[in-house]
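Some notes on the structure that comes next.
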Number of protein chains: 2
Amino acid sequence: MKETLPAIDNAILSRLESIVGPERLLKDEESLQRYGRDWTRVYAPSPGAVVLPGSVEEVQAVVRLAAAEGVAIVPSGGRTGLSAGAVACRGELVMALDRLNDIGDFNPVDRTVRCGAGVVTQQLQEFAAAQGLYYPVDFASSGSSQIGGNVSTNAGGIKVIRYGMTRDWVAGIKLVDGTGELLDLNRGLVKNNAGYDLRQLVIGAEGTLGVVVEVTMRLAAAPREPVVLVLGVPDMGAIMRVLGVYQGALALGAFEFFSEPALQKVIEHNGLQRPFETPTDYYALLEIEDQHGAGMDRALELFEHCVEQGWALDGVVSQSVAQAESLWRLREDISETISRWTPYKNDISTVVSRIPDFLAEVEAVVSQNYPDFEIIWFGHIGDGNVHLNVLKPEGLPMDDFQRRCGDVSRWVFDIVQRYGGSVSAEHGIGLLKKDYLHFSRSAHEVAIMRQVKQAFDPRGIMNPGKIFDAADSVK
Amino acid sequence: MKETLPAIDNAILSRLESIVGPERLLKDEESLQRYGRDWTRVYAPSPGAVVLPGSVEEVQAVVRLAAAEGVAIVPSGGRTGLSAGAVACRGELVMALDRLNDIGDFNPVDRTVRCGAGVVTQQLQEFAAAQGLYYPVDFASSGSSQIGGNVSTNAGGIKVIRYGMTRDWVAGIKLVDGTGELLDLNRGLVKNNAGYDLRQLVIGAEGTLGVVVEVTMRLAAAPREPVVLVLGVPDMGAIMRVLGVYQGALALGAFEFFSEPALQKVIEHNGLQRPFETPTDYYALLEIEDQHGAGMDRALELFEHCVEQGWALDGVVSQSVAQAESLWRLREDISETISRWTPYKNDISTVVSRIPDFLAEVEAVVSQNYPDFEIIWFGHIGDGNVHLNVLKPEGLPMDDFQRRCGDVSRWVFDIVQRYGGSVSAEHGIGLLKKDYLHFSRSAHEVAIMRQVKQAFDPRGIMNPGKIFDAADSVK
């Protein structure tokens, strides 16, 4: 599937222009570079053209044309993905949904709002706040990721332990499938057991079943004022004990962790301060919704208990919303900070209870095989998901670095497989993890997925080659 | 699809016997009658045989034999369904999962437990309570419905407003698909974005994609002591206003409604007492989790506000757990009480905000067309789902009754369609609602569903003719 596709010929380009207008079909090199990539830096972007439809009807017309002519389409949102799901590197037609950015039809009884696929996550968060409500799916790229992309990747982030993934907030999806038909899936209903819930299949399908053009999102009640704790902990086992103590006693909004090297990088490059003087191997960040001060008192009691047990060596509790936000930056800025080292990212998970043993095994493999590489650990340990980032040494060519990391990945994924875990907890498979899908899904499951794709996309034009190769996709 | 299938021949029967043992293959008339039906009383049960496998391997062997020989299988749980999804009326092989009733591998950190498909809902509820936890999906048939069936129908019930449907508690599914392959879907992970979430597709598929043999269920924290209120309200509009008042201020565990005729029937046949003297057209039942008495105080304040506004005419608040339970019986006993009139059941929904207009239109059609029939309304109005039950007059033959109700259903479903609602909010489609599926799903969606079924069940042996007819299913 690495081969370049036949160029999109001039006749097709002119028909595309007549659908969207000449200024909405981009062929200049800068646009091709910009729209052909996501946040991965592994594949050289090389789309055939970029089209920016302005309505659902234009999306349908473009897809019908592409289906008739066998043109591969890469649906494109904010392109903040980390698995190259939205990368166009084989001459595909990029369909950017930026112009479908209308937000409206807010209903206060149903607590739902209709979003065009191109609505930016932060735009939805701000819309919700203006209604006294809350859109709880939040992550580092909220300022540029789009709702259509969030749905297509089932975006997770920092509040999953409390609020779940994007999947849990999707009340309805309008999808243009690979034939150009518009499917109106679930229409905002709370209860609907009339046949297969195809909406669920589209969530996380990474654009391989069609183009998400509109989503009805559910909103949550506004949370109480958050209290944030950062605790210094000696080892992974202690992190899990701290989790157990707090999870049983308080409603946790988040439970994140990061390692000392991760903290050092963030402090050094963002001018932030250490949360407290004592350096420890790991740090846990907890968010608790305060209930009139009672949450804070209980949180401090539990902290003292953790210190007595030797599970926490030091800690700090936010005294204001501003301080809570600055503590969050210690965790949230990691990803962007380390991006200058073009890190090799693993996004792995297992069930929470097996995390200590799982991480011990992964650490052993990693420290044995990457003695010369810097490793940055962080992640959402409260839901069993850790991010293992290997930083590229400055002198090492990218190809060599990728190859060496790929080798170690196989050993890491062997462990993932033995623990019944996932090779992609929240980033998706895209191109980057395609060769590793079989560590988490059986050959029979992949065969079923291929046939499911066929049902939505008989010509195989929708983001072909992502997640898996399909025998009869556009090549 | 109404035609009887060819009889399962003696050679096949003897091979089935050799898989499960002779005492696990039932052919006597009483067993055929018992295992061939669910709680609907519309279709005469007529299975070819009943098989009771004792292990996943036996399920696989039976399915492989059935696939090779083109024998249709009806997977069978507690058979408490209300849409004939588990009815075998064409000579099918019923596969009852009763013997796969092992419950175990409880993990307190993950709060998960592994259930064989045949575990009874109440058994899971009691298991959870013994661990100090809670299995929150609850409904009238909890004492006999099985987990495999709950998953296959995405069972809802009386706590959906707070805890969601069965879907929200399924962390993993083991499915034997129509080829006899065992799929291990999601394996209990919280986060897993590695390809299509096929688990979601199996939930609510009514056994048409394969046999659910094992489920990993998530458990909730034990709820606080419940406070139950029953309010007498003058009309549907007032019910929605009461909902708005309480939903904004307190965490509602349930918000149910029932009509005066429903209450009369329950009181008359169960020896219960009226909640208060004033008869009103409708009643709302609210459950609130008490927080150290604060919930109760707030609930009473809001009740006074509703009385002042004329939205509530009278009311009662439970003073003990025992009283809360007896108030619940007024609502929970309705379904069983009216079953003696073999009611024609509609299980319809729309988005919550449109319920008042929706119900006004449905009521107009119903009162105009059923002047001689008794109508019992109740349901889960907090999630947009109402049950419209038409009681069969004693003298009227079943066929005439069904035909007349079917005619009116079309008019009701026209309204459902105009409101973007569902013809089956929680009961599923089965056989009973198959002719009405198109009111909620487009022809294109149904075509995709058919192909999705093909991917899991290429021979079309898994519960053929349920939800939709498939051109190439076993006929």
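Residue numbering restarts at 1 for every chain, and letters A, B, ... go by the order of the sequence lines. Heavy atoms only: backbone and side chains are in, while hydrogens, waters and symmetry mates are out.
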Are the side chains of Ile203(A) and Asp197(B) in touch, meaning some heavy atoms are under 4.5 Å apart?
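No. Closest side-chain heavy atoms not under 4.5 Å.
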Between [options], which residue shows the highest count of heavy-atom pairs closer than 4.5 Å to chain A?
{"options": "Val352(B), Leu183(B), Asp110(B)", "value": "Asp110(B)"}
{"options": "Asp347(B), Ile348(B), Val423(B), Leu198(B)", "value": "Leu198(B)"}
{"options": "Gln451(B), Arg187(B), Lys433(B), Gln247(B)", "value": "Arg187(B)"}
{"options": "Gly420(B), Gly164(B), Gly204(B)", "value": "Gly420(B)"}

Any idea which of Leu209(A), Thr112(A), Asp168(A) has the most non-hydrogen atom pairs under 4.5 angstrom with chain B?
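Top option by heavy-atom pairs under 4.5 Å: Leu209(A).
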Leading residue by heavy atom contact count with chain B [cutoff under 4.5 Å; candidates Gly384(A), Gly195(A), Ala171(A)]:
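Counting heavy-atom pairs under 4.5 Å, the top option is Gly195(A).
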Can you tell me which portion of [X] sits under 4.5 Å from chain A's heavy atoms? Options are side chain, backbone, both or neither.
{"X": "Met449(B)", "result": "both"}
{"X": "Asn385(B)", "result": "side chain"}
{"X": "Asp177(B)", "result": "side chain"}
{"X": "Ile429(B)", "result": "both"}
{"X": "Val160(B)", "result": "side chain"}
{"X": "Asn107(B)", "result": "side chain"}
{"X": "Thr179(B)", "result": "side chain"}

Let me confirm one number: the CD-CZ distance from Gln200(B) to Arg167(A), rounded to the nearest 0.5 Å.
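Gln200(B) atom CD to Arg167(A) atom CZ measures 4.5 Å (nearest 0.5 Å).
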Is there a donor-acceptor pair closer than 3.5 Å between any side-chain N or O of Arg441(A) and the backbone N or O of Leu185(B)?
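Answer holds: no.
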Kindly say whether Lys191(A) contributes a backbone atom to a donor-acceptor pair with the side chain of Ser349(B) at under 3.5 angstrom?
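Between the backbone of Lys191(A) and the side chain of Ser349(B) there is a qualifying donor-acceptor contact (under 3.5 Å).
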Heavy-atom closest contact (Gly421(B) atom, Leu189(A) atom, distance):
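Closest approach of Gly421(B) to Leu189(A), heavy atoms only: C-CD1, 3.8 Å.
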Please identify which of these residues, Ile467(A), Val446(A), Val202(A), meets the side chain to side chain contact (heavy atoms under 4.5 Å, CB included) condition with Tyr196(B).
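Answer after filtering Ile467(A), Val446(A), Val202(A): Ile467(A).
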Determine the sole option in Asn193(B), Asn192(B), Asn186(B) for which the side chain to side chain donor-acceptor pair (under 3.5 Å) test with Ser422(A) is passed.
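The passing option is Asn192(B).
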